[in-house]
Amino acid sequence: MKVRGTVVGEVTTRTVSTSAGERDLAEVALRLREEGVSDSATDSGVLDSAGDSATDSGVTSSTDDSATDAGRSDSAGATPTTVTLWGKWTESAEVLEPGMELVVTEAERDEYRGETGYATTPASYVVVEPAYLVDVTDVRNWVECPRLYYLNKLSGVPLNYPVVKGTLVHEVFGDLLRGRDLEASIEERVEERALELGLLGESAESTAEDVRQNAAAIEGWLEQGRLSEDDEWRSEQLLISETFGLKGRADAIRRGAPVELKTGKNLKKEPRFKDKVQAALYALVLEEHGGSIDTGTLLYTKNSALDRNEETGDLTPAKDFSMGQGLLEYVLRLRNEIAAMEASGGVPTGKEGNAKCEYCFERDTCMVVSGRLDQESKAGQIGGAIPVEEREHFDRFYRAIEEERREVHREYAKLWEQSAEERADDDRAIVDLEFIEARELSGGRWELRARRRSAATSKLREGDLVLASDGEPVVGDAELARIERLDGVAPPAAEADDGPLDAEIVLTADEPVEVERLDVYPSELTTDRLLTALHDALLKGTERRKDVLFERAAPEFDAIDETFVDNNDAQDVAVRKAVGARDCALIHGPPGTGKTYTIARAIRAMVERGERVLLSAFTNRAVDNALEAVLETGIEPEDVVRVGTESGVREDMGHLRLEREGDPDARVAELQSARIVAATTATCGSRVMKEGSFDVALVDEAAQLTEPGTYAAINLAERFVLVGDHHQLPPVVQAENELAESLFERLVEAYPDAGVMLDRQYRMNQRIQAFPSTEFYDGRLRPATPDVAGRTLDDLDDVSLESLPSELADQVTFVDVPGDDERYTDAVEASRIADLIDTYADAGLAPSEIGVIAPFRAQVSEIERHVPDAVAVDTVDRFQGSSQEVIVVSFVASGELDGPIFEDYRRINVALTRPKRALVLVGDAEALGTDPVYARMLSWARR
DNA sequence: ACTCTGCATAGAGGA
């Protein structure tokens with residue numbers, strides 16, 4: 001049976017004499033998980049309840065009586081239950097702390113001193129914090145030295161030749177397994193890496209030759225293998241283990257067993273230990289997937305023919321090794337060490353393992369980081385520590401980022417905790433696909449096609465990396481795939497029809513998965529990059545930069561004696577500050593104040609002064625918008641490079657996009673000669689961008705960025721300019737912690753003199769602007785011109801105010817709708833909104849000039865069913881950054897105005913500041929009146 | 001309780 005619970009109290013370890021001699025044991029007091037469904041009818045053999053995710057109980061069993069027994073006696077979890085971990089599992093017991101989760105598989109009931117407990121059996125595995133998904137390659141680092149694991153996490157994988165070459169050899173290996181021609185594969189794969197190779201100063205030819213040498217050994221070995229009929233291969237398998245809390249991607253699986261490729265040389269008889277550990281971890285996960293594995297294979301591609309003959313007599317680059325139960329248990333204990341360390345928020349010192357620092361490549365880095373952060377380390381410390389406040393800042397943000405990582409892991413857990421229907425309801429998956437075909441592409445990859453059976457929405461979009469599966473993303477056949485085409489959702493009428501919709505999905509993947517389901521792929525990439533940006537900012541940043549960031553020295557400015565903007569003082573000051581900033585400048589741009597134009601004007605001025613500029617923002621949309629404005633100032637397209645993915649960059653900016661393929665020197669020249677480089681902050685944190693350096697980094701929508709997110713961009717430049725509005729939406733983060741406040745907001749408050757607020761808005765009629773201005777901007781926001789102040793629908797062609805009913809004659813209207821009692825939708829509001837839109841249409845307004853904003857996605861869908869397609873209906877969050885002639889807001893709330901969505905007044909600010917000429921608020925006056933801010937909004941709207 | 005954008009994936013190595 002499987003025991004699962006939370007550790008309470010201390011763990012006691014002792015040695016006892018048994019019939020089998022002296023044995024160690026650890027007693028752990030567990031509060032068993034609340035009893036859920038206790039029946040786990042299937043016994044899959046190796047692992048108890050492998051793949052059986054239906055159960056939530058603390059104890060599940062393959063034999064009915066004990067399951068119900070255990071469930072009954074321990075339900076409610078009032079009294080802790082003692083679980084005895086025998087033998088080497090005591091090592092995992094020692095890392096436990098109260099509050100941690102523990103799982104014991106194949107446990108047995110244990111009566112001791114009249115109490116019922118549980119104990120490990122020889123078939124048991126013990127898993128600490130199973131919800132923390134440890135990456136297999138992380139365990140590989142950890143076994144070498146726990147501190148190496150930590151350092152790798154902080155600084156990321158660097159751009160260097162061995163890494164790029166290793167990646168290439170792996171890719172070619174995968175291609176060979178898929179039956180591709182060696183030379184064709186090498187040529188294409190090397191070409192794809194042109195940008196990275198160029199940055200490293202490597203030529204395509206020499207790299208190809210290098211890869212060829214490594215690949216030749218593999219090819220020869222594969223040829224032997226292919227002779228055997230039963231040699232079943234599969235390349236690159238994504239493996240996720242619910243039971244063991246592991247994830248990773250095996251290079252290949254042969255006859256169900258893991259094969260790992262290493263581009264190094266190994267002339268010893270045995271594989272390197274850490275390589276064995278890696279293979280054993282994959283074996284463990286494969287075991288959960290129903291296999292029973294006792295061998296692993298390591299391929300060392302530098303073992304050339306000469307080496308073999310002269311030194312070892314080995315005839316092959318491959319080393320097979322057998323994996324006993326002891327090794328599998330050992331690697332799981334390593335995994336437990338990492339999970340426990342992460343759960344307790346600890347920092348490894350290196351003393352946990354027995355690695356020898358004198359042989360370590362990372363020794364210098366290790367000592368420097370240890371010194372600067374004043375961390376204990378086996379290698380010792382070099383240099384002085386950074387100030388205490390900086391170390392505390394580092395610790396705080398490190399923890400906050402790790403909290404985000406746990407949220408990503410929680411997304412993984414939903415893959416097995418939620419049913420397919422729940423996933424679909426959460427918009428996290430498209431289920432019930434009808435598989436059409438898998439077609440092999442020329443490059444050895446596959447094109448997968450499927451048809452949608454339902455029109456459900458999801459957050460999956462074209463270009464996204466997804467988990468494509470046969471319907472079972474964890475235990476079934478699953479692979480990473482890219483969405484190439486995602487046909488639009490069919491109109492609602494089609495939903496009634498039971499037949500398949502005529503909406504096709506096209507994917508590309510390495511393996512021909514018979515795809516029936518797509519899930520969002522939870523990536524840790526963002527958290528990884530936030531961590532390295534934090535590290536770089538604090539450990540590599542200059543003293544001056546950190547004085548400014550830590551509010552120890554106010555930013556300084558050079559006086560600029562030039563006028564950049566004639567008719568707008570605040571904009572002109574903003575450009576002068578941006579251009580003259582020695583450290584940083586802060587531009588606060590409320591809605592419609594010409595923020596984008598100001599950015600563009602500042603960038604042109606900087607470029608004219610011979611400076612190299614990085615233009616960044618959190619979203620691709622913001623980057624492209626700003627870039628568009630830059631080009632409109634007359635900057636030559638040849639001076640601009642847009643770095644980003646093909647699907648991320650807006651189509652009309654595609655011609656500026658930096659290609660990564662081709663000739664290494666040419667690609668690097670394009671990047672390095674550009675006067676302006678534009679990329680999202682996530683891309684700024686990438687290996688390629690981190691090689692760059694700039695005079696100025698200009699970050700738009702900076703109030704939507706976390707501190708470390710902002711660092712990713714500003715780390716690359718001498719000076720920086722942040723542009724944003726902290727009274728609009730804050731950063732999107734999962735966990736509630738310091739990441740929710742932007743660096744922009746902190747600095748605006750710390751250095752009022754370094755900032756400028758753009759105070760003249762070019763969007764809203766004065767009547768519309770009045771409330772947001774007093775409520776959110778101290779009354780400082782005003783219309784830029786009399787024309788703006790007085791703009792009404794009458795100015796538009798074909799629209800006449802006379803034909804509108806009197807209730808819509810004012811620029812701001814409140815429509816009181818009692819609403820229904822649904823929580824996230826309101827059909828009454830939706831139908832009233834449809835009527836309003838009809839009324840506007842009758843008065844001559846085009847539907848495309850009306851926008852409808854609702855707080856919830858569900859209400860957005862509800863409204864979409866009632867109004868013409870041309871009307872833009874969306875959530876507040878998605879409306880940020882755009883505007884419409886007429887905006888209708890649906891509030892949904894009835895009765896009480898409670899819920900997090902209403903608590904953040906920045907959201908209502910965004911909603912109210914989208915219209916130019918008319919704003920209609922639709923909601924329940926009684927509910928809105930219960931909150932002071934909404935009450936003031938009401939009296940403004942009902943004037 | 002709700003809102004939801006980014007990222008190619010992972011990739012190497014010595015006494």
Side-chain angles (χ1 to χ4, degrees), chain A residues 135-137 140-141 144 148 152 157-171 173-174 192-193 196 236 238 248-251 261-266 272 274-275 301-302 355-356 358-363 427-428 459 461 463-465 467 479-482 508-510 520-530 617-623 644-648 660 679-687 701 704-706 709 712 729-734 823-824 854-860 874-880 892 898-904 906-907 910:
Chain A
D135 207 283
V136 168
T137 48
R140 184 170 186 264
N141 286 326
E144 190 159 20
L148 186 65
N152 254 9
V157 178
L159 181 65
N160 62 26
Y161 183 64
V163 172
V164 175
K165 189 189 77 180
T167 307
L168 283 166
V169 174
H170 276 80
E171 285 172 345
F173 173 54
E192 282 172 1
R193 299 270 156 188
E196 283 159 300
E236 308 255 19
L238 181 72
R249 226 178 157 202
D251 287 341
L261 184 69
K262 300 293 162 196
T263 48
K265 186 184 280 206
N266 182 350
R272 263 191 302 253
K274 61 182 176 184
D275 298 339
T301 61
K302 252 195 191 163
K356 292 188 175 61
E358 57 262 42
Y359 300 135
C360 180
F361 278 176
E362 301 296 337
R363 189 185 185 185
D427 298 336
R428 292 291 201 287
K459 70 190 294 267
R461 281 172 307 182
D464 281 359
L465 211 56
L467 197 51
E479 192 48 63
L480 278 180
R482 178 169 298 277
T508 48
D510 284 343
V520 168
Y521 174 65
S523 168
E524 288 179 46
L525 192 114
T526 312
T527 40
D528 288 343
R529 287 191 180 170
L530 289 182
F618 180 56
T619 62
N620 276 306
R621 195 179 64 173
V623 171
T645 58
E646 198 180 342
S647 56
R660 287 166 184 252
T680 59
T681 47
T683 300
C684 287
S686 71
R687 244 172 21 185
E701 308 273 18
Q704 282 187 75
L705 275 165
T706 62
L729 294 176
V732 175
V733 286
Q734 309 292 329
R823 201 174 181 86
Y824 303 122
F856 308 111
R857 286 267 288 275
Q859 178 69 350
V860 167
D874 229 324
T875 55
V876 182
D877 304 62
R878 298 232 223 167
F879 249 105
Q880 172 147 326
V892 181
D898 57 349
I901 201 99
F902 300 107
E903 281 165 17
D904 193 338
R906 291 173 286 196
R907 195 165 265 117
V910 173

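To find a chain, count down the sequence lines: A is the first, B the second, and so on, and within it residues start at 1.
- Residue A:E362 is in base contact, counting any heavy-atom pair closer than 4.0 Å across all strands shown.
- Using a 4.0 Å heavy-atom criterion, one finds that A:D904 contacts no nucleic acid atom at all.
- When side chains are defined from C-beta on, A:V163 counts as touching A:R687, because their heavy atoms get closer than 4.5 Å.
- How far CG of A:L148 is from NZ of A:K274: 8.0 Å, rounded to the nearest 0.5 Å.
- Among the heavy atoms of the strands lying under 4.0 Å from A:T875 are primed sugar atoms or P, OP1, OP2 only; no base atom is included.
- The side chain of A:R249 lies closest to B:dA10, out of B:dT3, B:dG13, B:dA10.
- Remark: A:T263 is in phosphate contact with B:dG13, judged by side-chain N or O atoms under 4.0 Å from OP1 or OP2.
- Residue A:E171 contributes atom CD, which lies 14 Å from atom C1' of B:dA12 at whole-angstrom precision.
- At the phosphate of B:dC7, OP1 or OP2 sits under 4.0 Å from a side-chain N or O atom of A:T680.
- Note on A:Y521: every side-chain N or O is 4.0 Å or more away from OP1 and OP2 of B:dG6.
- Taking every heavy atom of both residues into account, A:R907 and A:V876 meet most closely at O-CG1, 3.2 Å.
- Side-chain atoms of A:D464 lie closest to B:dC7 of the nucleotides B:dC4, B:dC7, B:dA1.
- Contact check, A:R857 against B:dC4: a side-chain N or O comes under 4.0 Å of OP1 or OP2.
- Without hydrogens or angle criteria, A:R482 side chain to A:G463 main chain gives a donor-acceptor distance under 3.5 Å.
- In terms of modelled atom types and a separation under 3.5 Å, the side chain of A:Q880 and the main chain of A:L729 share a donor-acceptor contact.
- Relative to the side chain of A:R823, the nucleotides B:dG13, B:dA1, B:dA10 differ in distance, and B:dA1 lies closest.
- Here the nucleotide nearest the side chain of A:D877, chosen from B:dC4, B:dT9, B:dG13, is B:dC4.
- The side chain of A:R482 lies closest to B:dA8 when the candidates are B:dC7, B:dA8, B:dA12.
- In this model, the phosphate group of B:dG11 is approached by a side-chain N or O of A:T137 to a distance below 4.0 Å at OP1 or OP2.
- With B:dC4, B:dG13, B:dT5 as the choices, the nucleotide that has an atom nearest any side-chain atom of A:T619 turns out to be B:dT5.
- As judged by a 4.0 angstrom heavy-atom cut-off over every strand, A:F856 is placed among residues touching the sugar-phosphate backbone only.
- A:R193 comes within contact range of at least one nucleobase, with a heavy-atom separation under 4.0 Å.
- Among the heavy atoms of the strands lying under 4.0 Å from A:Y824 are primed sugar atoms or P, OP1, OP2 only; no base atom is included.
- Residue contacts for A:S686: at a heavy-atom cut-off of 4.0 Å it reaches no nucleic acid atom on any strand shown.
- Looking at heavy-atom distances under 4.0 Å, A:E144 makes contact with a base.
- A:T526 comes within 4.0 angstrom of a nucleotide base, judged by non-hydrogen atoms across all strands.
- A:T645 comes within 4.0 angstrom of the backbone, heavy atoms only, and of no base.
- Taking atom CG of A:L525 as the reference point, atom C1' of B:dT5 lies 13 Å away to the nearest angstrom.
- The side chain of A:R878 lies closest to B:dT5 when the candidates are B:dC2, B:dT9, B:dT5.
- Contact annotation: A:N620 reaches the phosphate of B:dC7 (side-chain N/O to OP1 or OP2, under 4.0 Å).
- For the pair A:H170 (side chain) and A:L261 (backbone), a donor-acceptor distance under 3.5 Å is present.
- Side-chain atoms of A:R907 come within donor-acceptor range of the base of B:dT3, with a qualifying N/O pair under 3.5 Å.
- Among the protein residues, A:L530 comes within range of no part of the nucleic acid, since none of its heavy atoms lies under 4.0 Å from any strand.
- When the options A:T706, A:T619, A:L705, A:L530 are evaluated for a side chain to side chain contact (heavy atoms under 4.5 Å, CB included) with A:T681, the one that passes is A:L705.
- Residue contacts shown for A:R687 include a base, since a base heavy atom lies under 4.0 Å away.
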